[in-house]
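Quick notes on the structure that follows.
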Amino acid sequence: MLIEETKISLLRESLDKGRSIETTVTGDSMLPFLKEKDILLVEKTSPERIGIGDIIVYEDNGGLITHRVYNKFIERNRQYFLTKGDNSLLFDLPFTNYEVVGRIIAVKRNGKFSYLNKPLARIWGKLLTRLSFVSAWVINGPNIIAAKLKNPKKEKTLSLELGGIPLSLEADGASFISKLKNAFGNFETDKEPELRLIFKKRYSAIQKLIRRNIFKLTWKDEDFSLELPYCHTETDFEKKSIFVTAYSKHGWGDFLRFIVSILIVERGGFLLHASGVVDGNRAYVFAGPSESGKTTIARLANDRKILSDETVAVVRNNGSFLASSTPFYGEFGRITENTGFELKELYFLRKARAFEKKPLSPAEAFKNLFPNMMSRINDPKIAGRALENAAQFAEKVKCYELRFLPTPDIWRFLNGDSQD
Amino acid sequence: MEILKIKPKRDKDIAWRTVEKEALIVNPKDSLIYPFNRVATRIWELADGGKTVAEIIDEIKNEFDASPETIERDVAEFIENLISKGLLEKQ
């Protein structure tokens, strides 16, 4: 770590003196734009000159990361950046301009420099920031590795709690676990795992090609096998194990979300397309499709705890329901804490010119809720259980249609005893 | 009419659940979700493979307040529609 810190401070010093610095790409999170061993020319720049679509180098936990800028915003007089690898599904934790080391101005490949201020490179960058998820899929699923210079810890297991389910992730190689830890480390747990996910790496270009569009879920009593483009999965719930043969380095964020979406339904809960905010030790959940305002609500939360701006886990807890944070987030950025609170109210978002809160009957809530749940409804067994969970939720939890203006007044409107 | 003699039956792979007498129907084959109102839900419940469409129409006439002609036409059309979408099977 000391060597890395010294390296970074030397790098900053050189940049401060107006020099450009060359650095080499490690990792593949910026594929296909940047490849391993490409040489990057880094230049110091001011935060104002960094635009959406630019590739920047920033400090993260003693290491350096090279990712593309997807958004920049000012909060409490500080400039924040939101970045992501072109080949990653998940956004990085937002960081301030103090973490920014410099901007990539050119890429040297096969001895030739390509300058990124050329129109084609700029259009590519801007296009990617708009089509981030599409591009992640086209390039064989998301990669959760940051293009980093730091050394990972050599651990072969990782215990995570996702959607209230403690899971032990085990692999035959430390690097695989280290990549998962990079993306999901905030959800590490000491709890006894309910299930072991045992990964075997069998990376194969041929398998990737053969399995390109495969999706098949087959049940054998309570166990299932699952074929995805990047893995073959077999459950053995009697042995509390899920065996995963990994054919690709990529796709694991998506895989975990998928597995959790099945496991949680078995436990009476579900993953919901929603943002979640905690106010007065109770969770308010805001469901809706893309562009409905989920991230906007999270941004208006001020000091309140955010559970997610994209995926909230609804977990059955005796007779009631908890809303739990998940590591599956949207534009707001990485969620820093694994936590769950009693779910007070659920809102279905509608953007409007005024505030209006309309209570929904259980039948209305049920019909609004189900399409927002992340369940593989192309499987009759899962669809049936998910419907049952949605019905029980709709009969238990107060649900509303919420028309709202994107202003901080939303908390006064929702909760008269709010501290705002 | 031929349709009146059919005994429609819910496809076994269709997932459904009723809340306050209104059902959500999920067709796993095409991942489509159908929200049903009370009348549609009642027709769906009655389509158990044991009753003809004519018998279902009579039951709906007893339970809901509308003109007999409207019920006859709407129930028959609705059942034909569900058969064409693969939600109901002909028996």
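Just so it is clear: chains get the letters A, B, ... in the order the sequence lines come, proteins before strands, and each one is counted from 1. Computed from heavy atoms alone, side chains included, the values below leave out hydrogens, waters and symmetry copies.
Between A:F355 and A:F404, the gap from one ring centroid to the other reaches at least 6.0 Å.
Within the 4.5 Å cutoff, no side-chain heavy atoms of A:K358 are placed close to those of A:L402. Contact annotation: the side chain of A:T326 never approaches that of A:L307 to less than 4.5 Å [non-hydrogen atoms, C-beta and beyond].
With a 4.5 angstrom heavy-atom cutoff, A:A394 does not touch chain B via any of its atoms. In this structure, chain A has no heavy atom under 4.5 Å from any part of B:Y34. In this structure, the portions of A:E388 lying under 4.5 Å from any heavy atom of chain B include both its backbone and its side chain. Contact annotation for B:I33: only side-chain heavy atoms (C-beta onward) come within less than 4.5 Å of a heavy atom of chain A.
A cation-pi arrangement is absent between A:K294 and A:F286, since the terminal nitrogen or guanidinium carbon is not both under 6.0 Å from the aromatic centre and inside a 45° cone about the axis.
Under the rule for a side chain to side chain contact (heavy atoms under 4.5 Å, CB included), the partners of B:N37 that lie at least two apart in sequence or sit in another chain are B:V39, B:A40.
The aromatic rings of A:F321 and A:F393 sit perpendicular to each other, their planes meeting at more than 60°, with 30° as the lower class boundary.
Of residues 362-371 of chain A, those residues with a non-hydrogen atom less than 4.5 Å from any non-hydrogen atom of chain B are, in numerical order, A:P362, A:A363, A:F366, A:K367, A:F370, A:P371.
Between the side chain of B:D11 and the backbone N or O of B:L88, no donor-acceptor pair lies under 3.5 Å.
With salt bridges taken as basic N to acidic carboxylate O contacts below 4.0 Å, none links B:E89 and B:K9.
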